[in-house]
Amino acid sequence: ASFLVPSVAHVTSALGNTFVSRLSLSNSGTEAVQAELVFTPASSDSSLVDGFDTSAIRRATVVVPPNDVVRLSDPLVLLFGLPPPVSGTLEVRAPAERAGSLSVASSVDAPSASGGTFGFALPVFRSGEGIRAGGTAAITAVASDAAERTNLILAETTGVDAAVAKVDLYDRDGTLVGSDAVAVPRWGQRQLSRVLERLGGASGSRAARLELAVASGGGTIAAVTTVVDNANDDAAAFPARAAPSSGSALRTVRPAWARATGTVKSLVPALVNGYRTFPASAEPFTFRSVLGFANLASTEALFRLTYYDLASGATIVREVRVPGRKTVEYANAVEQLFGSGAGVRSQGPRCVESDPQGLLWCRVASSLVKGTIGDSFPVVPVPSEGLTGAGTARLLGLDGLEQSVDRSRGTRSNLILNEVLGRSVTLRVSLYEAGNRSSPIAERDLTLGPLEKLQLSTVFAELGLDSAA
């Protein structure tokens with residue numbers, strides 16, 4: 001059993017920012033897990049690197065103690081001893097009997113000249129996860145203009161066979177702009193920098209999308225874009241997603257806010273507008289939510305949206321109709337779509353019911369003097385493995401929570417909890433130190449009413465561990 005990180009790197013950008021990967025290996029079991037890490041260098045148009053090429057790949061072993069977390073900062077240089085610049089994929093292998101207790105998370109960041117760090121979380125895939133022959137997937141929010149550029153990462157996740165990925169670029173009006181066939185070797189990786197221009201798109205394009213399929217080969221492809229700010233190098237990652245099939249279980253559940261059983265249900269845990277980006281400073285910058293709606297079919301796609309504005313107490317219902325193959329984007333959804341006043345504080349969950357050919361994305365952003373910062377924000381299917389409750393009760397865990405005692409520096413961790421079906425629920429939040437998951441250092445029982453959203457800001461403060469936060 002294994003996980004694949006589609007891109008690990010130690011590289012310096014044209015702006016002089018040095019980005020390094022950081023990994024978190026978490027063991028929820030009662031016995032140690034010996035994880036083997038296998039690095040495969042990135043391929044290019046002129047050179048394909050196979051994941052079984054012993055002259056190119058590098059291996060290392062990391063032991064993750066029971067009930068503990070191992071964090072690896074800059075593993076390519078500090079663990080494998082490779083000289084920068086260097087990038088590629090990282091496979092994390094675990095014995096089959098221990099794989100269920102291991103989880104892997106990845107991020108890429110760089111130090112900021114003004115203090116702190118910036119970067120983005122990168123999706124981690126399980127072995128065999130991704131696009132197979134006969135399947136298709138799409139990535140939305142593709143942009144290339146004076147503000148942003150988009151890179152595409154393709155990684156093979158099985159190690160069984162190579163694959164040739166067919167990549168099609170469509171503009172926001174649904175017009176096919178260009179295509180490319182990209183060979184990806186076993187466990188290998190290809191990055192198409194400025195993918196929009198590579199496929200014939202014009203600078204100034206926004207809200208475009210990529211559609212991907214495996215044209216040949218028995219491999220499986222994971223696909224992720226990074227949308228990078230041209231002024232400061234901050235970025236957001238968007239994985240490829242397939243539209244649910246007609247027989248999908250996602251279409252059979254009917255929460256209280258949904259009108260039909262034949263639609264796809266999802267939740268954006270929180271939209272935001274007007275809240276300070278840097279709460280401990282006097283700087284005027286605020287966050288906003290960006291929403292996009294894409295239609296993968298030739299017939300109209302309908303999105304029914306219910307926004308629960310917790311700041312005003314209002315419940316706002318909107319419909320977005322997207323013509324066949326087109327894309328609609330709102331740079332500030334709370335103001336442009338839900339009618340909030342400019343800069344007025346607003347925040348709360350948004351429930352979505354859509355036709356199966358529709359895809360939506362969300363991003364939280366803040367425009368600064370120099371560029372924009374933020375990240376992609378999850379769109380949670382209902383149901384999904386990220387939900388727990390009556391009938392599907394499961395333990396949900398989060399690793400890597402941190403809290404600085406000085407709010408003007410360091411990091412802070414917030415936790416968003418949403419009730420999604422329209423029924424009240426009581427849950428327990430337990431906080432553990434690394435290396436000890438049997439005795440929590442803090443606990444709190446919480447009750448959420450129907451469709452309520454609760455945010456612990458910060459987790460440590462709300463659990464009584466940081467009275468100064």
Side-chain angles (χ1 to χ4, degrees), residues 22 24-30 64-71 101 103 105 107 115-117 121 267-272 274-283 286-287 308-313 345-349 364 366 375 377-378 380 386-390 393-421 423-469:
R22 304 186 191 280
S24 173
L25 309 180
S26 177
N27 178 9
S28 62
T30 57
V64 187
N67 293 311
D68 210 344
V69 179
V70 172
R71 294 184 177 88
S101 60
S103 60
S107 64
T117 60
L267 171 83
V268 177
L271 299 183
V272 66
Y275 286 85
R276 286 283 182 91
T277 306
F278 307 108
S281 78
E283 294 180 317
T286 60
F287 282 114
Y308 301 92
D309 185 349
L310 302 183
S312 68
R345 284 189 170 192
S346 178
Q347 62 91 14
V364 176
S366 177
D375 209 341
F377 207 73
V380 182
L387 302 178
T388 186
R394 59 171 65 91
L395 182 67
L396 302 180
L398 293 169
D399 288 307
L401 301 181
E402 297 179 349
Q403 176 68 37
S404 171
V405 295
D406 182 353
R407 292 199 68 179
S408 66
R409 65 186 67 193
T411 60
R412 62 187 186 272
S413 297
N414 301 330
L415 175 65
I416 298 174
L417 302 168
N418 296 87
E419 198 291 312
V420 301
L421 290 183
R423 308 165 192 169
S424 62
V425 63
T426 298
L427 63 145
R428 175 169 295 174
V429 178
S430 303
L431 184 65
Y432 297 87
E433 292 180 301
N436 177 14
R437 300 196 192 198
S438 57
S439 301
I441 60 174
E443 278 189 329
R444 184 177 172 185
D445 289 342
L446 301 167
T447 298
L448 276 70
L451 304 177
E452 184 179 357
K453 174 230 172 192
L454 180 63
Q455 181 164 321
L456 305 186
S457 302
T458 66
V459 174
F460 290 81
E462 295 288 348
L463 295 182
L465 295 178
D466 183 10
S467 58

Side-chain H-bond candidate by donor/acceptor type, S430 with E443, under 3.5 Å: yes

Residues that R444 engages under salt bridge (Lys or Arg N to Asp or Glu O under 4.0 Å), provided they are two or more places apart: E462

CG on N27 to CG on N67, rounded to 0.5 Å: 7.0 Å

Residues in salt bridge (Lys or Arg N to Asp or Glu O under 4.0 Å) contact with D399, at least two apart in sequence or another chain: R437

Side-chain donor or acceptor of N418 paired with backbone N/O of P269 under 3.5 Å: yes

Separation of T411 OG1 from E402 CD (nearest 0.5 Å): 4.0 Å

Atom pair CG/CG of L454 and L417 - distance to nearest 0.5 Å: 5.5 Å

T447 side chain to T426 side chain, donor-acceptor N/O pair below 3.5 angstrom: yes

Member of V272, V268, L271 meeting the side-chain contact (heavy atoms from CB on, under 4.5 Å) criterion with F377: V268

Test item: R276 side-chain N/O and S281 main-chain N/O as donor-acceptor pair under 3.5 Å: yes

Nearest heavy-atom neighbours spanning S26 and V69: OG-CG2, 3.9 Å

R428 atom CZ, over 12 foreign heavy atoms within 6.0 Å: no

Side-chain donor or acceptor of S28 paired with backbone N/O of S101 under 3.5 Å: yes

Given L451, L267, L387, the one that forms side-chain contact (heavy atoms from CB on, under 4.5 Å) with E419: L451

Test item: L396 and R394 side chains (from C-beta on) under 4.5 Å apart, heavy atoms: yes

Main-chain N/O of Y275 paired with T286 side-chain donor or acceptor, under 3.5 Å: no

Spacing of T277 atom OG1 and E283 atom CD [to the nearest 0.5 Å]: 8.5 Å

